[in-house]
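Working notes, structure below.
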4 protein chains.
Amino acid sequence: MSSQTSSEKTMTAKAPRLERGRARVAALLAAGAAVFAEKGYDAATMTEVAAKAGASIGSLYQFFPTKPLLAEALHLDLLEKLTALLDLLGRDVAGRPAAAVMDELFARFGEFLEANPAFSALADRRDIDKERKKQTRAQLRGLIAALLTGAEPPVPSARAEAASVVVLHLIRAATMLKESDEAPVRGAALAEMRRMLAAYFA
Amino acid sequence: MSSQTSSEKTMTAKAPRLERGRARVAALLAAGAAVFAEKGYDAATMTEVAAKAGASIGSLYQFFPTKPLLAEALHLDLLEKLTALLDLLGRDVAGRPAAAVMDELFARFGEFLEANPAFSALADRRDIDKERKKQTRAQLRGLIAALLTGAEPPVPSARAEAASVVVLHLIRAATMLKESDEAPVRGAALAEMRRMLAAYFA
Amino acid sequence: MSSQTSSEKTMTAKAPRLERGRARVAALLAAGAAVFAEKGYDAATMTEVAAKAGASIGSLYQFFPTKPLLAEALHLDLLEKLTALLDLLGRDVAGRPAAAVMDELFARFGEFLEANPAFSALADRRDIDKERKKQTRAQLRGLIAALLTGAEPPVPSARAEAASVVVLHLIRAATMLKESDEAPVRGAALAEMRRMLAAYFA
Amino acid sequence: MSSQTSSEKTMTAKAPRLERGRARVAALLAAGAAVFAEKGYDAATMTEVAAKAGASIGSLYQFFPTKPLLAEALHLDLLEKLTALLDLLGRDVAGRPAAAVMDELFARFGEFLEANPAFSALADRRDIDKERKKQTRAQLRGLIAALLTGAEPPVPSARAEAASVVVLHLIRAATMLKESDEAPVRGAALAEMRRMLAAYFA
DNA sequence: TATGAATGAGAGTTCATTCAT
DNA sequence: CATGAATGAACTCTCATTCAT
């Protein structure tokens, strides 16, 4: 009830040991993704997440002891998927010109964000750990820079570094655009962005 | 036809009649801007806004009957300033090449966002009126497009339209970048963005 | 919602500014005393306190932002009363023999504890601030020691110091005895305690 | 007359049949003692007890179907140890003067309480059965009274009865003092208590 | 029996908003 | 208009206890 327990609050999401638990966790993460995507991090409630997962509130808290921890787990999960996607992309486009590589990246990243709308919602929440955020961005930038230095002709490492920041933000901008603007504007804008990238890397 | 009571909650914030009231409203708006910028829209509390303005909670509600209405008023206020800024810019840079115009736009818009951090916080809140949001974006795009068609040589209207979307997002990206990444990365990225714009409009 | 606010959690109970508020606070404190006394600190609920005071839960939290703070306020309140009582006692018994002084102290302190059962409940809660607890005990010991050194013949300061600890605990023991044991045992035990004190100071 | 199902929750903790079970129970009791002592009865959680015993929560409930029952079992366990200790003491000090007997009692009881901090925590919980509590206290008083009537010269039975109450509380006071006050005060106070007892029985 | 997931009532706390003075 | 007390729905989180495997 009161107590300053010895178990730090920095605890991670508890991993399930049984098969049943594993299914629960999956359902909870899916529900979390849906609710965070729909309502945004702040407005999402743990109660709704549990309900949408068909679980009791206690069950949700068994595996994700706090709301930030649920968000974090979800974020990490999506980040892994994204990394895998970029790795795959790297193998697919190695040796092609930078402009083409970027075009492909743009397309696939866009699909990912569209398929995982929770990602944007989670990436932007304010109570995220500063350090982790920095690391995450650095990691993504690294992957993008690698794509550029692996192009043919290769983009010089220094410029690839700087460009990765821009590309990252451009992609994010493209996503936000998807949800906010109306269809006709959107199409033209996306085309324009690709053109811009092409011009930039030509 | 005659009465149409103004008790609707959808109405705008009540305008003060006395001079004292005007000062109050200014203080409340300033406080609101500060709190929204610091905590974000969701985490900001009406109580804190009132306190920071040196007013009572009742007084705050006298002028802004609702939290969304306060946000809206603030947003509109900032939007006006921004519009004025872009108008001025239009006069200053008329007749110069598109790339130069964009560079200047980039710089001034950036300054504005840095000076008014509440703008970003308010532009992104989820309960904003869809229609108004659309209109706002359209208006901003119009202003930017006007800058482009007013350049020398003029950018064709159709392309200016499409480009304005991209430019708008790029600028926003530049701002987010300012608060998230560390200084060295930041500088390089900003330079890169300007280079990109230059390449695009060359 | 999220936020690490700048307003420290060490805040004190907010003081009411209006007359109505003053009445509320009094009612809340009284209700708190009743509930803490009846259920003990841990089992007492804020909801019950508010209900017993005829106030809404929000109203309770307006003045006492946390449960520990309510307890603290109550404790301090009772402590003041007790100090006043001991001061008065000091004036009443100055110049009488130590044994008689202690007998009187024993009686009045007992009455106080019986009239304010919340005092025991609050003095024993576990999440109390260590430092404050020490200070409180020291203060009480000081008052008791003063009674002894003010007796005729005066008890030497050093011995008064040590004795005060014992007396304090004896009195508390007497109280616990009142609530736990059955009446006949109680009477005999109280008499015995007084005899013990008399023998000790003779 | 015949069946009387044992499903009542008022029953005692189930006794284990196997050797393995006996070890489990011992571990659970030890863990319970540790947790109750550290956190107090209310703040202690069944989950933490199970964890500290290296058992699952289900296993804990197998043997102790309820939190109060666990506390009760523990309390009884400690009470037995204490009784044994007092019995032994009775044999050791028979025939010595009352003051010396009390001094020895004081010392050994103190050691016991220090070695078994859970005892105090459990003796004070509020949901304890009133009747059992009374019996327990009566039993302890009886043992102490027996020590006094067995002294040389023997304390009259009536006075021994009354004195036992006082002595019991004095000892408890001595324990509480150990955890709350700072070392220097403590030493002096303990000495003072012994002096008081000596004066009382002289 | 042992395990650990499941449950849900209930506790503390927050905050937008209303209302009496 | 100003003030600050009042309200209560809603939220996050806890924990004793039950249940399926």
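Chain identifiers are assigned alphabetically (A, B, ...) following the order of the sequence lines, protein sequences preceding nucleic acid strands; residue numbering begins at 1 within each chain.
Looking at heavy-atom distances under 4.0 Å, D/Ala51 makes no contact with the nucleic acid at all. Backbone-only contact: C/Ala44 has heavy atoms under 4.0 Å from sugar-phosphate atoms and none from a base. B/Ala50 comes within 4.0 angstrom of no nucleic acid atom, judged by non-hydrogen atoms across all strands.
For B/Phe64 and E/dC15, the CZ to C1' distance is 19 Å, given to the nearest whole Å. Rounding to whole angstrom units, NZ of residue A/Lys39 and C1' of F/dC11 are separated by 13 Å. In this structure, CG of B/Leu69 is placed 14 Å from P of E/dA16, rounded to the nearest angstrom. Nucleotide E/dA11 holds its C1' atom 13 Å from the OH atom of A/Tyr61, rounded to whole Å. Computed from coordinates, the B/Asp42 CG to F/dC11 C1' distance equals 14 Å when rounded to whole Å. Here the P atom of nucleotide E/dA11 and the CZ atom of C/Phe36 are 13 Å apart, to the nearest Å. Remark: C1' of F/dT12 and CD of A/Glu48 are 15 Å apart, rounded to the nearest angstrom.
In DNA chain E, the stems built from three or more successive Watson-Crick or G-U pairs (distances below 3.5 Å) are E:2-21 with F:2-21.
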When you compare the protein's N or O atoms with those of nucleotides 5-7 of chain E, which come within less than 3.5 Å of each other, and at what distance?
from  : atom 1 : to      : atom 2 : distance (Å)
E/dA5 : OP1    : A/Arg17 : N      : 2.9
E/dA5 : O4'    : A/Arg20 : NH2    : 3.4
E/dA6 : OP1    : A/Arg24 : NH1    : 3.3
E/dA6 : OP2    : A/Ser59 : OG     : 3.0
E/dA6 : N7     : A/Gln62 : OE1    : 2.9
E/dT7 : OP2    : A/Arg24 : NH1    : 3.2
E/dT7 : OP2    : A/Ser56 : N      : 3.3
E/dT7 : OP2    : A/Ser56 : OG     : 3.4

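A residue-by-residue look at A/Pro68 and D/Lys67 shows that A/Pro68 has its nearest nucleotide of DNA chain F further toward the 5' end. Comparing B/Met46 and C/Met46 by the nucleotide of DNA chain E whose heavy atom lies nearest to each, the residue mapping closer to the 5' end is C/Met46.
With hydrogens and angles ignored, the 3.5 Å screen pairs no side-chain donor or acceptor of B/Arg24 with any backbone N or O of B/Ala53. Side-chain atoms of A/Lys67 come within 3.5 Å of backbone N or O of A/Tyr41 as a donor-acceptor pair.
For the atom pair A/Tyr61 OH and A/Leu69 CG, the distance stands at 10.5 Å (nearest 0.5 Å).
Considering only side-chain N and O atoms, B/Thr66 lies under 4.0 angstrom from the phosphate OP1 or OP2 of E/dT17.
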